Amino acid sequence: MSTRLSIVVVEMDRERALLIVDSLREAGDYDIHVIGEVTGLARRITERNPDVVLIDVANPSRDMLEELALASGPLERPVAMFTDQSGAGLTKAAIEAGVSAYVVDGMRADRLKPVLDAAMARFHMFRQMRTELAATKRALEERKVIDRAKGLLMKARGLDEDAAYALLRKAAMDQNRKVAEVAEALVTAAGLLS
Amino acid sequence: MSGATLAVGFVPLVDAAPLIVAQEMGFASEEGIELDLQRAASWSQVRDMLVLGRVEAAHMLSPVPVAMALGLGGMATPLSAVSVLSVNGDVIGVSGAVAERMRAAGYRFDFADATAAGRALIAAARGRLRLGVPFPFSMHSELIYYWLSALGLPAPQEVDIRTVPPPLMARAIAADEIDAFCVGEPWGSIAVETGVGELLLPGNAIWAFAPEKVLAVRTDWAEDAPVLLGQLMRAVWRAGRWLGQPDSHTVASEILARSEYLDMPAEVIDRAMTGRLTISASGGERHVPGFVEFHRGAANFPWRSQAAWIARQLAARTGLDRDEAARLARQVFRTDLYRRMLRDTGAELPGASEKLEGAVETDIAVASVSGRLFLRRDRFFDGRIFDPSAPD
């Protein structure tokens, strides 16, 4: 029990890797190693011989790790993904958060839990950041379309900017649609008619 | 039951077509269901999605549910292969350097003769031959092991078989990590397009009728939701029938090319659909009839003898009891569900659940419920015949 848990984090993005390492450091005293290259992944991991491997669920290189589960025959699996089905709840939560962990057979759940909790919290944050980025992008796109629709209305109907927006908003409310959708339809129609 | 939505996982490959087409061409909605298709980046991801209940059904390598039943690999949830999605469709390719050596030794790339190709490849190896396959449990690995062992190269001892995810295969060749690969389309063609490799053989040159992907579900879900399962199976079977018509190829390639599915040029996808493959960057083309089969020859029937063949291969390699492995595997390929769910569709339902594998030289008629089932050529390249009732 006195030996430090050794953890390998597989993450190609340097910034992300550092953030994960930071949260693991906060969670406990671990021997952490980051692998940032896809090349020879299985070999690199075997060389380190870690207790836990953490990798993004959606990382295509994950399949390379499955090989490790076979490395020394089916009867003495050295590494398996959550070998222990008793940790099924934990497994499910981890996968939902986007982290997959490969764990040496026979590791006790109480040693693994803080590691996974830290990794899960970090992965949750990454997902939030991704969602926010997507939302911001979409908002920008929508603004652009609404601006173009306003411009079209101002020209075609001789309105000022506020009146053009009011007209778009009214149309949207009447049709129970979003302003951006009405604007989009207008821009598309104008493109076809011009 | 109308309006039910089923989450289905897939890996972006040409042979995910039956699932994508079932949704896009309306075969699912004909059955009163919608498919929520979820793309996965790896086979381990799609397996986890299925095991942990994120999806109800999945596009799966045929050996995966068998391996899980044998206790190989990480997860141990019982899965059922309820139908075969596709037969064949893999290619074997070599790096530019290996192709050069093979050519210098007088090998002519005929893209057909597995014996000649295998001997030339073994002769061209410098040291241990390094081969990339997409997953440890895959028809790709099984074909490679079978092929090289039959040619006298004891696998896995004398070859170095490595797992390389399909999108990284071309990069692995370019980085000289592997000498050759076996992969599903369009990734072989992508290696040719990027100029790093040449195609050596279609998978069906090794086994003419190899079950490649299956429609997999959790066994307990199959029992709990038989109505939904039936709707899904019928929709997917009709999609396969549609894909089996040559007229469908262009439309199918266009649908698969979309960004939410394969996100690749339709022209590259079309090569697998039509069996017209470009084998080298200099533009050599070969036509392979039946390169990938979605329907003909009762392609979708999950023969228990296929499961037994896969299990015995896996068991031999990992030191498990072969008879016991074959027994467990037979329960994974669900001929019973196939017969029950597809009874009224016009699907060909064979009289037997097992057959000799590798015994059909030219297409023959066999007994079936409707009496008009034709089995297609299913030879192994070395002429061996696998008899599931007397295997060794």
Side-chain angles (χ1 to χ4, degrees), chain A residues 10-12 37-46 52-107 123, chain B residues 11-12 38-55 61 64 67-77 130 132-138 140-141 156 160-169 171-172 174-178 187 314-315 317-321 325:
Chain A
V10 182
E11 176 58 61
M12 286 69 200
E37 267 182 81
V38 178
T39 338
L41 185 59
R43 181 172 45 81
R44 281 165 206 270
I45 291 176
T46 317
V52 182
V53 181
L54 294 176
I55 182 171
D56 191 323
V57 162
N59 190 326
S61 309
R62 261 192 73 193
D63 283 349
M64 294 179 170
L65 299 185
E66 296 292 317
E67 226 172 57
L68 295 178
L70 277 176
S72 46
L75 301 175
E76 40 157 342
R77 284 170 293 184
V79 179
M81 185 176 168
F82 301 107
T83 323
D84 202 342
Q85 289 282 323
S86 66
L90 196 59
T91 310
K92 196 165 176 190
I95 296 267
E96 296 279 338
V99 53
S100 37
Y102 288 77
V103 179
V104 173
D105 201 355
M107 173 175 299
F123 274 73
Chain B
V11 172
Q38 302 196 7
R39 184 165 67 180
S42 68
W43 290 110
S44 20
Q45 191 186 3
V46 87
R47 176 204 58 199
D48 296 348
M49 284 159 75
L50 183 61
V51 166
L52 295 166
R54 287 281 293 275
V55 294
L61 296 156
V64 168
M68 283 172 73
L70 306 187
L72 297 170
M75 302 290 213
T77 304
R130 300 164 305 165
V133 295
F135 201 65
F137 310 113
S138 58
H140 316 78
S141 324
D160 183 0
I161 296 192
R162 302 176 180 183
T163 304
V164 181
L168 304 178
M169 206 62 92
R171 201 196 294 177
D176 192 32
E177 284 177 45
I178 50 174
W187 295 105
L314 283 173
R317 223 165 41 244
T318 50
L320 296 173
D321 183 277

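On a predicted model such as this, the values are computed, not experimentally measured, just so you know. The sequence lines fix the lettering, A, B, ..., with proteins before strands; numbering per chain opens at 1.
If you measure heavy-atom distances from B:R162 to chain A, the contacts under 4.5 Å come from both the backbone and the side chain. Neither the backbone nor the side chain of B:P166 comes within less than 4.5 Å of any heavy atom in chain A. Contacts of B:Q45 with chain A are made by both backbone and side-chain atoms, with heavy-atom separations under 4.5 Å.
Looking only at side-chain heavy atoms (C-beta outward), A:M64 and A:I45 stay at 4.5 Å or farther from each other.
The backbone N or O of B:P165 sits nowhere less than 3.5 Å from a side-chain atom of A:D63 that would complete a donor-acceptor pair.
Here the CZ atom belonging to A:R62 is positioned 6.0 Å from the CZ atom belonging to B:R47, to the nearest 0.5 angstrom.
Remark: B:R171 engages no residue in a salt bridge (Lys or Arg N to Asp or Glu O under 4.0 Å) (not counting sequence neighbours).
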